[in-house]
Amino acid sequence: MPPLNGYIDLRSDTVTHPTPAMREAMMHAEVGDDVFGDDPTVRRLEFLAAEWMGKEAAVFVPTGTMGNLAAFLAHCGRGHEVILGDQSHSYLLEAGGMAALGGIHPRPIPNQPDGTLRLEDIEAAIRNSADEHQPITRLVCLENTHNRCGGAALTVEYTHAVGVIAKRHGLRFHIDGARIFNAAVALGVPARELAAPADSITFCLSKGLCAPAGSLLCGDAAFIRLARRARKMLGGGMRQSGILAAAGIVALNTMVDRLKNDHAAAVAFANGLRSLPGLILEPDTPQTNMVYFNGAESVHLDAPAIAARLKERGVLVDVKGARRFRAVLHYWITPTDIDAVLGVLADILVRA
Ligand code: TLP
């Protein structure tokens, strides 16, 4: 039986359960009150995270959403503006936290299909600071990998080019690197090179790395002191969070390189989908662990109807539009599962 509550669950890599090694580490974790700075396991994780990202310091937060929001609050004040992609998770899927809780003004500009923002669009969006009518541009954000743009990996060269613009205009630069290790593995570069041009980066332990919860926000020591205050304000000061950090340490030590298996599984799944009439893969999919595809107009079932039939047969996929699906490959999906999903899909499409 598939391990994820009986389903072959492709909705996201967030559905991954902790591995046996993580459960073992959690059981024996040395803990303390992290708000007093007393949890040795959290300290170790933060140290390790900062090292991975090539930054001075890191703070452990419950979620990627809180990591990004703590970064916005630490970089910006009320009335400041953040330039970010119109398809970015922070703009679309974080409940408007920067505006609601920080008085920070988002300035969305178009994400290109490869997840980038055009350099000229970034430059054009920077406000004239001498004009008192306008908000003050303070921060530029990228997302890597880019979730809604097919799990696209943004290159070191591109990230560097954005860093140059930010520096030239005196702006701060944050990366939502929820899946930065997928980008690093896909591009064959160390994650720290992707993080280097940015002042801060958030990455998640709870996605393809399989930890049950937790993200790290990394940056220089002064920034992380501000981010710790923001975390406290947001209610993210946890106590014996070494229990969670222990799983995170296993994630960083043992689960990064194997992401290449998820990328290979995504290619295998996409190849299988290509042979099914009635499905259209999106261009350049997959780039990492996500496969985006659409039901053709000739298929008489829309995406929610197909997903409902898949669920009856023990398969979960993410519906992203009237005909659009996302399937995310991860640690708990085996080659046999992929064959099973392709078989069930073929069966549903024949009847549709
Ligand atoms: N992404 C989730 C959903 O919210 C869509 C998913 O299933 O992909 N940044 C990026 C790029 C993300 O994809 C996510 C979660 C987050 C931030 C937020 O992380 P959490 O869920 O830990 O708050």
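Atoms within each ligand, like the ligands themselves, are counted from 1 in listed order. The figures here come from the full heavy-atom set of this structure, side chains too, leaving out hydrogens, waters and symmetry mates.
For R11, the heavy-atom gap to ligand 1 stays at 4.0 angstrom or more.
Here F223 and H75 bring their ring centres to under 6.0 angstrom of each other.
Taking distance alone, with nitrogen or oxygen atoms compared against 3.5 Å, R326 approaches ligand 1 more closely than that limit. Looking at ligand 1, you won't find any N or O of D13 less than 3.5 Å from one of its N or O atoms.
When hydrogens are left out, the protein atom nearest atom 22 (O) of ligand 1 is G64 N, 2.8 Å; that is the closest non-hydrogen contact. Closest to atom 7 (O) of ligand 1 among all protein heavy atoms lies S12 OG, 2.7 Å. From the protein, the heavy atom lying nearest to atom 9 (N) of ligand 1 is D176 OD2, 2.6 Å. Atom 23 (O) of ligand 1 has as its closest protein heavy atom T65 OG1, 2.6 Å.
Numbered from 1 in the order shown, with element, the atoms of ligand 1 that lie under 4.0 Å from a heavy atom of E94 read 17 (C).
I338 is listed as a side-chain neighbour of I333, based on a closest heavy-atom distance under 4.5 Å. In this structure, the side chains of F72 and L139 come closer than 4.5 Å at one or more pairs of heavy atoms. Residues N111 and L117 have side chains in contact (heavy-atom distance under 4.5 Å, counting atoms from C-beta outward).
Relative to atom 8 (O) of ligand 1, the option among E143, K207, R179, H89 with the closest non-hydrogen atom is R179.
Contact annotation: for M290 versus ligand 1, there are no heavy atoms closer than 4.0 Å. If you look at T63 next to ligand 1, the close heavy atoms, those under 4.0 Å, come from the backbone and the side chain alike.
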Practice problem: Walk me through it: do F203 and L252 pass the test side chain to side chain contact (heavy atoms under 4.5 Å, CB included)? | Solution: CA-CA 11 Å; F203 72 84; L252 284 178; 3.9 Å; yes
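Annotation for R323 and L301: closest pair NH1-O, 3.6 Å, computed over non-hydrogen atoms.
To the nearest 0.5 Å, atoms CG (N144) and CG (L187) are separated by 7.0 Å.
With salt bridges taken as basic N to acidic carboxylate O contacts below 4.0 Å, one links R43 and E46.
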